[in-house]
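As structure tokens, the structure follows; a few thoughts come after it.
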Amino acid sequence: MFIPESFLTKEAEHVEGFAPECAVVTHAGGKELEERLVVRPTSETIIWDKYRDWISSYRDLPILLNQWANVCRWEMRTRLFLRTTEFLWQEGHTAHATHEEAEEEAYRMIHVYRDFAEKYMAMPVIPGRKTEQEKFAGALHTYCIEAMMQDGKALQSGTSHHLGQNFAKAFDVKFQNQDKELEYVHATSWGVSTRLIGGMVMCHSDDNGLVIPPELAPLPVVIVPIWRGEDEQERVLGRARELTRDWDPLFYKIDDREQYKPGFKFNHWEVRGVPIRVEIGPRDCDNNQVIAVRRDTGEKATLSMDGLEEQIRNLLSSMQQGMLEAAQKRMHDRTYTVDDYADYQRRIEEGGFFRIHWCGSGDCERKMQEDTRSTIRCIPFNAEPESGQCLICGNPSERRVIAAQGY
RNA sequence: CGGGGCGUGGCGCAGCCCGGUAGCGCACCUGCUUUGGGAGCAGGGGGUCGCCAGUUCAAAUCUGGCCGCCCCGACCA
């Protein structure tokens, strides 16, 4: 939580990148501190201070540390979930004997995040590399996953850094290799934060509230019994309980509250994003059926009470798939290829991802940012070699990058 | 820090221009009727109108000062 200021100033690039957004403790215990304490913006320096004690031989490598921690960055403007002063994140740190091994780890982790985003959150992302300007201060390079929100803006949803030997040199972390020589370690760090949850919310939700992908829903199924009078209540509720007798209690909930009408309950669970709502009333009991409603499409299905759990699980799984596909289509439909800067400047306002040629210069990148408030989000891993001319300056470019307005 | 906006029952707002008994929706309380998409009707409780000063017979309303919050720009995962 509190990092001695001197830790942070050891790595020049790193401190330069973070200094403006650090909160600093100057007083504690009723008096001024001899050394000021930075409220951690990330734990790199703390980890490295420990690495020095823990790493001496190649046999100590590779080393991997993972922690969930809250961090603090004093941004000029905050935005719920996406940019909060304090946020919770997962941060991983590794140290390796070779450059190649560190590179492999950084590359591997961004794909772990990508898989999680797509398989669990049903949120398609574009994995790629950040430009020099956008990379993590102190890293050799930064990988990222970029997602498109429903308004067409890009959201960096996870990052992975190849730190090279920068921190090893700053913190003097060396190991002895098999040839008895001392070498600086090669390192990575990577993380995702509560921002990712914000991304999930913004990727799927609609005017009726949250839409949570089934894989991540704390409550996948809610059963709303419908009755009129005590006789029906007893009958319907009894049937609902009987139907779900062998179900996992974490899988469903029967909303048997008496003070609310069914209509109220429908809306109550809808706004909370519960993936499947099952309605069961007297008519359904007569017909040995229930009505199941998908949160993402609102589609209603009549299901037999026989083998209900399996039918619902199938529905959940096609909903998970459907949500990913819908989001993929949205991203695809709003990804444009543009070669004329004036055209770009007009259309960037509408949102979306723009595949543009870029010569690689920071000047062009900055000019574009000033002209349009958009940035180069990433150089996608899957960018095919394609010769063209930089959208901004016209110089030769070898592949297209993704530009967009970002959060 | 620059530009714009807003502070009125618990929440969301109208009233302010043109000064004269502070109002609406939601929520809350009581009763009856309701229950397959956020219930209906009737009755009821609750407000130093952000703060301070000024003008006036009279200020939520006009004037001045202060305080707080939100949005847009410069920063950023």
Side-chain angles (χ1 to χ4, degrees), chain A residues 16-23 40-44 69-91 110 113 117 125 130 133-137 139 142-147 153-161 189-199 207-209 222-233 236-237 240 255-272 277-287 289-293 295 298 300 302 366 369-370 372-373 375 377-378 405-407:
Chain A
E16 205 175 306
F18 274 118
E21 47 188 289
C22 284
R40 78 174 153 227
T42 174
S43 306
E44 250 74 18
N70 50 343
V71 288
C72 183
R73 295 182 191 173
W74 214 264
E75 306 293 350
M76 286 178 180
R77 187 173 311 154
T78 59
R79 195 181 173 108
L80 197 63
F81 278 109
L82 306 187
R83 188 174 303 106
T84 45
T85 304
E86 176 191 352
F87 57 96
L88 177 68
W89 75 356
Q90 166 276 125
E91 51 176 319
I110 201 64
Y113 292 147
V125 294
K130 280 291 185 194
Q133 194 171 272
E134 299 279 324
K135 75 172 187 187
F136 175 68
T142 291
Y143 296 138
C144 63
I145 49 174
E146 292 286 327
K153 285 191 184 173
L155 182 76
Q156 179 172 338
S157 307
T159 52
S160 172
H161 316 290
S189 69
W190 21 271
V192 291
S193 73
T194 32
R195 165 180 269 203
L196 189 57
I197 298 171
D207 289 349
N208 296 323
V222 67
I223 297 171
V224 178
I226 295 153
W227 65 70
R228 187 186 316 238
E230 282 181 24
D231 289 355
E232 284 186 1
Q233 175 177 356
V236 170
L237 216 42
D255 188 351
D256 57 4
R257 291 176 297 176
E258 293 180 6
Q259 68 272 40
Y260 297 112
K261 303 205 313 178
F264 178 90
K265 295 176 183 178
F266 294 169
N267 288 284
H268 177 87
W269 296 108
E270 198 161 278
V271 82
R272 284 165 177 73
R277 175 180 79 238
V278 173
E279 308 174 7
I280 169 170
R283 291 204 296 273
D284 301 309
C285 291
D286 293 342
N287 299 326
Q289 65 175 39
V290 300
I291 308 293
V293 187
R295 176 61 184 87
K300 292 191 177 187
T302 304
R366 274 185 291 276
Q369 198 165 350
E370 281 164 25
T372 65
R373 272 182 280 153
T375 51
R377 303 306 302 180
C378 73
Q405 291 193 333
Y407 273 103

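Just so it is clear, the values below take in all heavy atoms, side chains as well, and ignore hydrogens, waters and symmetry mates. Naming convention: chains lettered A, B, ... in sequence-line order (proteins, then strands); numbering from 1 in each chain. Treat the numbers as computed from the prediction; the structure is a model and nothing was measured.
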Specify the residue among A/Lys300 and A/Arg373 whose closest nucleotide of RNA chain B lies further upstream toward the 5′ end. A/Lys300
Considering residues, nucleotides and ligands other than A/Gln133, do more than 12 of their heavy atoms fall under 6.0 Å from its CD? yes
Suppose you measure atom P in B/C26 against the same atom in B/G19; what distance do you get, rounded to whole Å? 32 Å
Complementary nucleotide for B/C17 - Watson-Crick or wobble, under 3.5 Å: none
In whole Å, what separates the P atom of B/A60 from that of B/C49? 7 Å
Is the distance from the ring center of A/Phe18 to that of A/Phe136 below 6.0 Å? yes
Quick check for you: among B/C76, B/G36, B/U35, whose closest atom lies nearest to any side-chain atom of A/Arg283? B/G36
May I ask you to test the A/Pro262-A/Glu279 pair for a side-chain heavy-atom distance under 4.5 Å? no
Please measure how far the P atom in B/C11 lies from the corresponding atom in B/G50, and state the result in whole Å. 13 Å
Across every strand shown, the nucleotide meeting Watson-Crick or G-U wobble geometry with B/U30 (both distances under 3.5 Å) is B/A42
Between B/C76, B/A74, B/G38, spot the one nearest the side chain of A/Met76, thanks. B/A74
Any side-chain heavy atom of A/Tyr113 within less than 4.5 Å of one from A/Gln90? yes
Work out how far the P atom of B/C57 is from that of B/G3, and round it to whole angstrom. 38 Å
My understanding is that a pair needs two contacts under 3.5 Å, Watson-Crick or G-U wobble. By that rule, which nucleotide pairs with B/U56? none
Testing B/A39, B/G36, B/C76 for proximity to the side chain of A/Phe264, the answer is B/A39
Does some side-chain heavy atom of A/Arg377 sit less than 4.5 Å from a side-chain heavy atom of A/Lys130? yes
I'd like the P distance from B/A53 over to B/G43, given in whole Å. 42 Å
Does A/Lys265 have a side-chain nitrogen or oxygen under 4.0 Å from the phosphate oxygens OP1 or OP2 of B/G38? no
Between B/A22 and B/A14 - C1' atom distance, rounded Å: 11 Å
Could you give the distance separating B/C66 and B/G10 at their P atoms, to the nearest angstrom? 28 Å
With both distances under 3.5 Å as the test, what is the Watson-Crick or G-U wobble partner of B/U35? none
Tell me which of A/Gly406 and A/Arg77 sits closer to the 5' end of RNA chain B, going by the nucleotide each one is nearest to. A/Arg77
Integer-rounded Å distance: B/G38 P and A/Phe266 CZ: 9 Å
